[in-house]
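For the numbers below, each heavy atom of this structure counts, side chains included, while hydrogens, waters and symmetry mates do not. Because the structure is a prediction, the values reported are computed rather than measured. Along the sequence shown, residues carry numbers from 1.
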Amino acid sequence: MTKIVVERNKCCGCEACVAVCPVGAITMPEGKALIDDEQCVRCGACINECPMEAVAAADDK
């Protein structure tokens with residue numbers, strides 16, 4: 001299964017991903033995006049919106 005992950009060291013804290021998440025799966029603890037894997041519906045909207053390319057799809061192994 002594919003999941004969406006954030007490279008938190010790349011996250012600039014702009015909250016663009018939070019604004020487009022249709023299910024509210026992204027929060028900003030400590031000013032960096034964090035995706036709740038159980039809430040995420042893997043729509044990819046956050047990937048397209050992130051200006052820092054910090055959000056990406058990754059294989060869950």
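Here the closest non-hydrogen pair linking Pro51 and Ala16 is CD-CB, 4.5 Å. Of all heavy-atom pairs spanning Cys21 and Gly24, the tightest one is SG-N, 3.4 Å.
Note that the NZ atom of Lys32 and the CG atom of Asn9 stand 8.0 Å from one another [nearest 0.5 Å]. Considering SG of Cys50 and CD of Glu7, their distance stands at 9.5 Å, rounded to 0.5 Å. Atom CD1 of Ile35 is separated from atom CZ of Arg42 by 9.5 Å, given to the nearest 0.5 angstrom.
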Test side-chain contact (heavy atoms from CB on, under 4.5 Å) applied to Cys17 and Glu49, step by step: CA-CA 6 Å; Cys17 58; Glu49 198 65 27; 5.5 Å; no
Audit row: Ile4, Val55, side-chain contact (heavy atoms from CB on, under 4.5 Å) steps and yes/no: CA-CA 7 Å; Ile4 308 295; Val55 186; 3.4 Å; yes
Full working for side-chain contact (heavy atoms from CB on, under 4.5 Å) between Arg8 and Leu34: CA-CA 8 Å; Arg8 293 192 67 180; Leu34 181 65; 4.1 Å; yes
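Under a hydrophobic-cluster definition in which Ile, Leu, Val, Met, Phe, Trp and Tyr are linked whenever side-chain heavy atoms come within less than 4.5 Å, directly or via other members, Val5 and Val23 are assigned to different clusters. Under a hydrophobic-cluster definition in which Ile, Leu, Val, Met, Phe, Trp and Tyr are linked whenever side-chain heavy atoms come within less than 4.5 Å, directly or via other members, Val6 and Met52 are assigned to different clusters.
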